Amino acid sequence: MALRFFQPEGMQALDFSRPAGEMALVPPDSVSWQIFKNPLALFIGGVAAVVLELAEPRVRAGVWHHTSFRSEPVQRLQRTGLAAMVTVYAARGAAETMIAHIRQAHARVQGRTEAGIPYSATDPVLLNWVQATASYGFLEAYHAYVSPLCAGDRNRFLQEAEAAAALYGATGAPRSTADMTAQFAAMRPLLEPSEIIREFLSIIRRAPVLPAPFRPLQRLMVRAALAILPACVRETLMLDAHPWPWERRLLRVAGSLADRLILLEAPPAQACRRLGLPERYLYDVQRLPALP
């Protein structure tokens with residue numbers, strides 16, 4: 001079931017186990033390799049990141065009018081998830097090739113918002129914001145629902161993303177939590193509520209991402225994504241999310257179990273094989289120290 005999200009329909013399957021020995025953009029002992037192996041954190045963090053992206057009107061226009069989120073939400077999520085996996089786990093050459101193709105597609109994305117403000121998907125300011133929102137979402141989701149992250153590991157995660165961010169054109173992406181805080185403060189006056197955000201949330205709650213028996217968990221994870229947004233942003237966007245204590249406990253149990261879930265044909269295990277590491281490399285040792 002989980003493996004199908006790494007193989008979007010209509011796209012050629014990518015073998016993360018080849019070419020043998022070629023390093024990824026980030027090393028296997030990185031914080032990124034630990035965080036991105038957890039499917040629950042990726043879903044919750046990804047939803048939070050998209051909400052933050054859609055809060056910025058220029059990004060919202062580019063995403064909503066130039067992608068298939070509305071018509072093909074599951075396929076779009078699959079492609080986005082695969083791109084994230086390639087960035088972290090794939091051989092450097094494969095990652096660079098994929099990012100180059102994405103940048104070519106971005107060059108065609110431009111227009112004006114409903115208020116008449118011009119936008120372009122190659123605008124470094126918008127690219128920096130998209131990178132910041134993705135990093136924020138994955139960090140906060142893992143920290144809240146899987147395992148607490150110390151300040152040093154949070155900064156390491158942001159620094160590890162720098163190489164891929166630069167390839168995308170996000171040369172001013174945050175490299176520390178202080179940078180992240182400053183970027184959010186600078187962007188906050190531009191963020192605004194939108195019916196598109198509510199439509200996205202409605203779509204993502206109902207889309208068949210998980211099998212029918214697990215659909216209540218999917219809706220819970222969407223609420224969990226809203227809960228990790230900065231309180232001031234939730235207030236600006238007029239979104240309300242307060243999971244009950246039992247829901248938080250359930251998510252933490254699910255997040256802990258997901259962190260031990262070894263999918264031998266998924267990108268993390270394949271990437272380990274490519275580098276001659278045991279398939280259990282990311283699971284045998286807890287490399288992220290918990291907060292006291």
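Predicted model only: the values in this text are computed from it and were never measured.
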- Residues Ser32, Ser30; criterion side-chain hydrogen bond (donor to acceptor under 3.5 Å, both in side chains); working and verdict: CA-CA 5 Å; Ser32 299; Ser30 62; 4.5 Å; no

- Derivation of the side chain to side chain contact (heavy atoms under 4.5 Å, CB included) call for Leu191 and Val233: CA-CA 8 Å; Leu191 307 184; Val233 173; 4.2 Å; yes

- When you look at Glu279 and Arg273, which way does the salt bridge (charged side-chain N to carboxylate O under 4.0 Å, His left out) test go after all the steps? CA-CA 6 Å; Glu279 292 168 334; Arg273 290 200 296 272; 2.7 Å; yes

- Decide yes or no on salt bridge (charged side-chain N to carboxylate O under 4.0 Å, His left out) for Glu160 and Arg175, but give the supporting numbers first. CA-CA 8 Å; Glu160 289 164 4; Arg175 299 189 70 254; over 6 Å; no

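The backbone N or O of Leu282 sits less than 3.5 Å from a side-chain atom of Gln34, completing a donor-acceptor pair. The closest donor-acceptor contact from the side chain of Trp33 to the backbone of Val26 lies under 3.5 Å. Remark: side-chain polar atoms of Ser135 are not paired, donor with acceptor, to backbone N or O of Ala132 under 3.5 angstrom. Looking only at distances, a side-chain donor or acceptor of Gln270 sits under 3.5 Å from a matching main-chain atom of Phe16. Remark: the backbone N or O of Pro193 is not paired with any side-chain donor or acceptor of Arg198 at under 3.5 angstrom. Arg274 contributes no side-chain N or O that, together with a main-chain N or O of Ser17, makes up a donor-acceptor pair within less than 3.5 Å. Under the 3.5 Å distance criterion, the side-chain polar atoms of Glu22 are matched with a main-chain donor or acceptor of Gly93.
No side-chain heavy atom of Asp259 sits under 4.5 Å from any side-chain heavy atom of Tyr283. Put simply, the side chain of Cys232 reaches to within 4.5 Å of the side chain of Arg188, judged on heavy atoms. Arg154 has its side chain out of reach of Met180: every pair of non-hydrogen atoms, C-beta onward, lies at least 4.5 Å apart. With a 4.5 Å cut-off on side-chain heavy atoms, Glu96 and Arg92 count as touching. The side-chain heavy atoms of Leu149 and Ile35, taken from C-beta on, include a pair separated by under 4.5 Å. Contact check for Arg58 versus Asp123: side-chain heavy atoms found under the 4.5 Å cut-off. Using a 4.5 Å heavy-atom threshold, the side chains of Tyr145 and Ile228 count as touching.
Of all non-hydrogen atoms in Ala49 and Thr133, the two that sit nearest each other are CB-O, 3.4 Å. Of all non-hydrogen atoms in Ala48 and Gly137, the two that sit nearest each other are CB-CA, 4.4 Å. What you find for Thr87 and Ala164 is that their closest heavy atoms are CG2-CB, 3.3 Å. Considering every non-hydrogen atom in both His143 and Pro148, the closest pair reads ND1-CA, 3.5 Å. Smallest separation of non-hydrogen atoms from Gly45 and Ala141: N-CB, 3.5 Å. Of all heavy-atom pairs spanning Ala91 and Pro19, the tightest one is CB-CD, 3.7 Å.
For Tyr89 and Phe36, the gap between ring centers reaches or exceeds 6.0 Å. Ring centers of Tyr142 and Phe157: at least 6.0 Å apart, outside the cut-off. Ring pair Phe184/Trp129: centre-to-centre distance below 6.0 Å.
Side-chain heavy atoms closer than 4.5 Å link hydrophobic residues (I, L, V, M, F, W, Y) into clusters, and following such links, even through other members, never connects Leu52 to Leu127. Both Leu190 and Val59 are part of a single hydrophobic cluster, where members link through side-chain heavy atoms under 4.5 Å apart. Under the 4.5 Å side-chain heavy-atom criterion for ILVMFWY residues, no single connected hydrophobic cluster contains both Val222 and Met238. Ile262 and Leu42 fall within the same hydrophobic cluster, defined by Ile, Leu, Val, Met, Phe, Trp and Tyr side-chain heavy atoms under 4.5 Å apart, directly or through other members. Both Val88 and Met23 are members of a single hydrophobic cluster when ILVMFWY side chains are connected at heavy-atom separations under 4.5 Å.
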Please list every donor-acceptor pair under 3.5 Å in which a side-chain atom of residues 199-221 meets a protein atom from a residue at least two apart or in another chain.
{"unit_1": "Glu199", "atom_1": "OE2", "unit_2": "Arg70", "atom_2": "NE", "d": "3.1"}
{"unit_1": "Ser202", "atom_1": "OG", "unit_2": "Arg206", "atom_2": "NE", "d": "3.3"}
{"unit_1": "Ser202", "atom_1": "OG", "unit_2": "Arg206", "atom_2": "NH2", "d": "3.4"}
{"unit_1": "Arg206", "atom_1": "NE", "unit_2": "Ser202", "atom_2": "O", "d": "3.3"}
{"unit_1": "Arg215", "atom_1": "NE", "unit_2": "Leu210", "atom_2": "O", "d": "2.8"}
{"unit_1": "Arg215", "atom_1": "NH2", "unit_2": "Leu210", "atom_2": "O", "d": "2.8"}
{"unit_1": "Gln218", "atom_1": "OE1", "unit_2": "Leu210", "atom_2": "N", "d": "3.0"}
{"unit_1": "Gln218", "atom_1": "NE2", "unit_2": "Ile204", "atom_2": "O", "d": "2.8"}
{"unit_1": "Gln218", "atom_1": "NE2", "unit_2": "Arg205", "atom_2": "O", "d": "3.4"}
{"unit_1": "Gln218", "atom_1": "NE2", "unit_2": "Ala207", "atom_2": "O", "d": "2.7"}

For a quick test of your reading: what N or O donor-acceptor pairs under 3.5 Å do the side chains of residues 245-255 make, sequence neighbours left out?
{"unit_1": "Glu247", "atom_1": "OE1", "unit_2": "Trp244", "atom_2": "N", "d": "2.8"}
{"unit_1": "Glu247", "atom_1": "OE2", "unit_2": "Arg223", "atom_2": "NH2", "d": "2.4"}
{"unit_1": "Arg252", "atom_1": "NE", "unit_2": "Ala144", "atom_2": "O", "d": "3.2"}

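Ionic pairing of Arg234 and Asp240 is not present here: no N-O contact between side-chain nitrogen and carboxylate oxygen is shorter than 4.0 angstrom.
Residues that satisfy the side chain to side chain donor-acceptor pair (under 3.5 Å) test with Tyr119, not counting sequence neighbours, are His66.
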